[in-house]
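Structure first, commentary second.
These values consider heavy atoms only, across backbone and side chains, with no hydrogens, waters or symmetry-generated copies.
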Amino acid sequence: VQLQASGGGLVQPGDSLTLSCAASALPIGSTVMGWFRRAPGQEREIVASISRGGIYRYYADSVKGRLTSSRDNAANTLYLQMNNLQPEDTAVYYCAARRPSRSTPSTRTYASTRDYDYWGQGTLVTVSS
């Protein structure tokens with residue numbers, strides 16, 4: 001299984017950016033997918049999680065209303081649309097997937113790194129004027 005994150009870059013406050021996560025050897029529609037980030041000197045934290053059925057989503061309070069996670073099952077790609085970016089959003093962003101063999105109700109989302117088994121390499125987002 002490989003998760004390839006892309007789309008990071010340097011943007012100014014208030015700008016938008018879309019991250020992509022292309023999956024190989026894992027149908028993303030069969031499992032829970034998540035986005036995490038790690039800011040300099042901080043722990044990795046949840047940004048968003050999307051349920052196995054794609055209907056339920058979880059967002060961290062710090063990003064609600066600004067970031068939207070979606071996925072294209074046909075393209076086997078997860079997305080993170082980020083609007084009104086702020087300097088505090090500066091971090092390396094990681095996509096993650098839960099192993100499909102783990103018990104996962106269709107309505108569940110997960111916010112802990114322990115609930116994910118596969119990780120992308122990360123893509124850096126820098127928000128600075």
Practice item. Kindly state each residue pair satisfying disulfide bond (SG atoms under 2.5 Å apart) with at least one member in residues 97-129, sequence neighbours excluded. Key: none
Practice item. Inspect the surroundings of CD in Q2 and state if more than 12 heavy atoms from other residues, nucleotides or ligands are less than 6.0 Å away. Key: no
**Study point:** Contact list for residues 23-92, test disulfide bond (SG atoms under 2.5 Å apart), sequence neighbours left out
**Key:** none
Review point. Counting N and O atoms only, with roles assigned by atom type, does the side chain of N76 sit under 3.5 Å from a partner on the main chain of A23, one being a donor and the other an acceptor?
Key: yes
Review point. Any side-chain heavy atom of S49 within less than 4.5 Å of one from V32?
Key: yes
Check your understanding: Listed by chain and number, what are the side-chain hydrogen bond (donor to acceptor under 3.5 Å, both in side chains) partners of E45, not counting sequence neighbours?
Key -> R37
Point to revise | Contacts of type side-chain hydrogen bond (donor to acceptor under 3.5 Å, both in side chains), residue Q81, not counting sequence neighbours | key: T18, N83
Check your understanding: When rounded to the nearest 0.5 angstrom, what is the spacing between OH in Y58 and OG in S69?
Key -> 13.0 Å
Exercise for review: Compare all side-chain heavy atoms of R44 with those of W119 and state whether any distance is below 4.5 angstrom.
Suggested key: yes
Practice item. Assess whether side chain to side chain contact (heavy atoms under 4.5 Å, CB included) is satisfied between R66 and D89, documenting all intermediate values. Key: CA-CA 11 Å; R66 299 188 301 116; D89 295 315; 2.7 Å; yes
Check your understanding: Tell me the disulfide bond (SG atoms under 2.5 Å apart) pairs involving residues 28-87, sequence neighbours left out?
Key -> none
**Study point:** Which residues share a side-chain hydrogen bond (donor to acceptor under 3.5 Å, both in side chains) with R99, sequence neighbours left out
**Key:** S101, D117
**Study point:** Linked hydrophobic residues, L85 as query - side chain contacts closer than 4.5 Å
**Key:** V1, L3, V11, L17, L19, L26, I28, M33, W35, V47, I50, Y59, V63, L67, L78, L80, M82, Y93, Y118, V125, V127
Practice item. Only counting residues at least two apart or in another chain, list the ones meeting side-chain hydrogen bond (donor to acceptor under 3.5 Å, both in side chains) with R108. Key: none
Point to revise | disulfide bond (SG atoms under 2.5 Å apart): pairs with one or both residues in residues 2-101, sequence neighbours excluded | key: C21-C95
Exercise for review: Please round to the nearest 0.5 Å and tell me the distance separating atom CD of Q42 and atom CD of E88.
Suggested key: 10.5 Å
Point to revise | Donor-acceptor contact below 3.5 Å, side chain Q86 vs main chain P13 | key: no
Exercise for review: With sequence neighbours left out, write down each residue that passes ring-ring contact (aromatic ring centres under 6.0 Å, His included) with Y116, or none if nothing qualifies.
Suggested key: F36
Exercise for review: Spell out, as yes or no, whether a donor-acceptor pair under 3.5 Å connects the side chain of T104 to the backbone of R102.
Suggested key: yes
Exercise for review: Return the set of residues passing side-chain contact (heavy atoms from CB on, under 4.5 Å) with P27 (not counting sequence neighbours), or none when no residue passes.
Suggested key: S30
Revision key, fill the gap. CD1 of I46 to OG of S62, rounded to nearest 0.5 Å, is 10.5 Å
**Study point:** Pairs satisfying ring pair (Phe, Tyr, Trp, His ring centres under 6.0 Å), at least one member in residues 8-33, at least two apart
**Key:** none
Point to revise | Straight-line distance of S51 OG to R98 CZ, nearest 0.5 Å | key: 12.5 Å
